[in-house]
Q: 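Pasting a structure below so you can have a look.
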Amino acid sequence: MNVRFLDMGDRAFTIELDSAINPRAKARVASLDAALSAAGLDGITGTTQAFRSLTVHYDPLRARRADIQAGIEGLLDDIDATPEATPTRWALPISYDEADAPDLDAVARATGVSPDQVVEIHAGCEFLVYMLGFLPGFPFMGDLPDRLHVPRRAEPRVRVPSGSVAITGSLSAIYPWESPGGWNLIGRCPVPLFDVTRSAPALLAANDRVCFQPVTAAEAIRIEKAIRGGEVSPDSFREVVTA
Amino acid sequence: MMALNVIQPGLMTTVQDFGRAGMRRYGVPLCGALDSGWLRLANALVGNAEETAGLEIHLTGPILEAEADGIRVAVVGPALVLAGPQGEQQPVAAWRSITLKRGDRIQVKSVTEGTVAYLAVAGGFDLPEVLGSRSTYVRARMGGLDGRPLAAGDRLVMASSAPASGLDLTMSAPSVDVDAPIRVVLGPQADHFTDDALRALEKETFHVGNETDRMGMRLSGPVLRHQSKDRAEIISEGVVPGVIQVPGNGQPILLLADSQTVGGYPKIATVISADLARVARSAPGAEIRFRAVTVEVAEDAAREVERDLRSRIAAVRPLAQGYDVALLYQGNLIGGVVDCKNPDNFPGHLETHLEEPSGGMRR
């Protein structure tokens, strides 16, 4: 599709690069974000990556939208849709224990597979982090295979425990905070996703890859305590890439 | 110790500065003052750097008690402010600083127009920056005082240990045209809405709903219909404070400082930065009308607002005496009263009062 520049007031605008959610669109968003950062256009105060769009924030006292847009149009020919060759990969522990997965049975019923198969499919995916949002550090990750697609719960929960791993449509996510939420809860990840004392407070970043490694509920609690006690660093779940 | 003790917290009093613009990529809301212009004015009145964190007050403000002599504070906004020793508090104009003695209390009794006022303290608060800001973000228990609104019994320690010196400062209250339409730029998804909806946005009156907080403001008014059901959702993308998103029920929500960074509802329009503070300060029930302008007009307006703020800050002037009766009158905060410290001076003889300064209240 053609690139569209969408007005969003006088301090931001959104550049829409594709019409759908897919890794190719996401790669183009990441590529444009990197190009923009390298170009150092005057007046830009930040960017927000999303599935298929990049929102550019600017200071109207320092620059005009028209000038910034002209600068960006000059970069568009060079962006590419090739996903990063060596993204950061994570292997995060997950408990699919009944107590940690209140919607596992309902998902199984809705999709016509057994609960064990739901676990097998989810744990077998390598997820792409499309973007962070909704809550600080909340990763929107895809893509689940079609046979695991389920809608949001008809009754959103008032209280989703922090660490809950949830799915809806083609996406999976981890709730970094206790919050209301409508996604289907199928597990719990004991690794904290957000820490204000880190310079990059979110553990995951857009374009990272995430796999889940099943552990028992008891092991998840042990990992959680070890991280809290400072014996284990959340960074230790980053996979070391051997070329 | 230079500190203020929180005797009463007020309805929803939070520490705010300019927020966390650099943290959007981690999914952290902007946060910060709903009206950063007024926070800047409050800081100017106590000699602070403009971006110093102050207290954002909603409707009913706190009662704070000075723990030491020489704590200088200023309230900005249409607020009824009382100050003085416990039991002897007297009205003080907003839009000026006041220097508290040990045991003095300052109370922002009520915000009289809209819902928001700011209180700045000379030197600022001794609170840690969290992700580049002292702004309170309650939902993630981040910033400010343990990530929550003020509570009775809290102690706000000043970052500076030196008592205020020199004269208190004052400025004239800016006049706000509360009836002027709120200007918007249409989009990003104006093309998801029916022609009737776009017409209604500009022609009809909306009201600020009761369900309003720092995250967003519900607007009641005509239903803004999407062209079809599948145009009522979009693939989630970046949002900013000021966007007017419209869920499937057609009832618009104006996002404010604590709004999330991305959203999946179509946005019919975005309030321009020059007008966002005015609508964010509005009380439930207030009437709002919208008028569409271009991005260029919005940018010009932003520059004009900045020029106006700078000239107001440049015009801050010392207060020759404790009371600035002229300001009290201008703010309609007093009328028909006798100054107990200057009983011969009657209302109506304002010029006399100004020419023959009395001892003043708190100096």
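As the structure is a computational prediction, the values presented were derived from the model and not from experiment.
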Q: Could you check whether atom CD of A/E126 has more than 12 heavy atoms from other residues, nucleotides or ligands sitting under 6.0 Å from it?
A: yes

Q: Considering only heavy atoms, give the residues of residues 29-43 of chain B separated from chain A by less than 4.5 Å, sorted numerically, with 'none' for an empty result.
A: B/P29

Q: Is any NZ, NE, NH1 or NH2 atom of the basic residue among A/R4 and B/D191 found under 4.0 Å from an Asp or Glu carboxylate oxygen of the other?
A: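 Here A/R4 pairs with B/D191 in a salt bridge, since their nearest N and O are under 4.0 Å apart.
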
Q: Considering all heavy atoms of both residues, which atom of A/P180 and which atom of B/R139 are nearest to each other, and what is their separation?
A: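 Closest heavy-atom pair between A/P180 and B/R139: CD-NH2, 3.9 Å.
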
Q: Look up atom CD in A/Q49 and atom CZ in B/R24, then write down how far apart they are to the nearest 0.5 Å.
A: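 It comes to 14.0 Å.
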
Q: Where on A/F5 is there a heavy atom nearer than 4.5 Å to chain B: the side chain, the backbone, both, or neither?
A: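 Interface part for A/F5: neither.
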
Q: Can you tell me which of B/A301, B/A140, B/A302 forms the most heavy-atom pairs within a distance under 4.5 Å of chain A?
A: B/A140

Q: For residues A/P136 and B/Y137, determine if any side-chain heavy atom of one lies less than 4.5 Å from a side-chain heavy atom of the other.
A: yes

Q: With chain B as the partner, which of A/A50, A/A12, A/G46 has the greatest number of non-hydrogen pairs under 4.5 Å?
A: A/A50

Q: Select one option (side chain, backbone, both, neither) describing which atoms of B/R183 are under 4.5 Å from chain A's heavy atoms.
A: neither

Q: Of all the residues in residues 256-277 of chain B, which have a heavy atom that comes within less than 4.5 Å of a heavy atom in chain A?
A: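 From residues 256-277 of chain B, the residues near chain A are B/Q260, B/T261, B/V262, B/K267, B/T270, B/I272, B/S273, B/L276.
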
Q: Please flag which part of B/E237 lies under 4.5 Å from any non-hydrogen atom of chain A: side chain, backbone, both or neither.
A: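 Contact with chain A is through both the backbone and side chain of B/E237.
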
Q: Tell me whether the count of non-hydrogen atoms from other residues, nucleotides or ligands lying under 6.0 Å of CD in B/E211 goes above 12.
A: no

Q: What do you reckon, is CZ of A/R24 surrounded by more than 12 foreign heavy atoms closer than 6.0 Å?
A: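 At most 12 heavy atoms, drawn from other residues, nucleotides or ligands, come within 6.0 Å of this atom.
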
Q: Tell me if the CZ atom of A/R64 is crowded by more than 12 foreign heavy atoms within 6.0 Å.
A: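 Check passes, neighbour count above 12.
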
Q: Testing the basics here: between B/V295 and A/D10, what is the closest heavy-atom pair and its distance to 0.1 Å?
A: O-CB, 4.5 Å

Q: Could you please state which residues from residues 185-205 of chain A sit under 4.5 angstrom from chain B, measuring non-hydrogen atom to non-hydrogen atom, sorted by number, or 'none'?
A: A/F194, A/V196, A/R198, A/S199, A/A200, A/P201, A/A202

Q: Please classify the contact of A/A25 with chain B as side chain, backbone, both or neither, using a heavy-atom distance under 4.5 Å.
A: neither

Q: If you count heavy atoms of other groups shown closer than 6.0 angstrom to CD of B/E304, is the number above 12?
A: no

Q: Out of B/V130, B/I235, B/L186, B/V293, return the one with the most heavy atom pairs under 4.5 angstrom to chain A.
A: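 The candidate making the most pairs under 4.5 Å is B/I235.
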
Q: Grab the two heavy atoms, one from B/G238 and one from A/T48, that are nearest each other, plus how far apart they are.
A: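 The pair with the smallest heavy-atom distance is CA-CG2, 4.4 Å.
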
Q: Tell me, yes or no, whether the heavy-atom count around B/R141 atom CZ, taken from other residues, nucleotides or ligands under 6.0 Å, exceeds 12.
A: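 12 or below, so no.
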
Q: Do B/R25 and A/T47 have side chains that get closer than 4.5 Å, going by heavy atoms?
A: yes

Q: Return the OH to OG distance between A/Y130 and B/S236, rounded to the nearest 0.5 Å.
A: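 It comes to 13.0 Å.
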
Q: Can you see which heavy atom on B/E299 is nearest to which on A/R65, and at what distance?
A: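 Heavy-atom minimum between the residues: OE2-N, 2.8 Å.
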
Q: Under 4.5 Å, heavy atom to heavy atom: which of residues 239-247 of chain B reach chain A? Give them by number, or say none.
A: B/V239, B/V240, B/V243

Q: Among B/D300, B/V297, B/T294, who wins on heavy-atom pairs under 4.5 Å with chain A?
A: B/D300

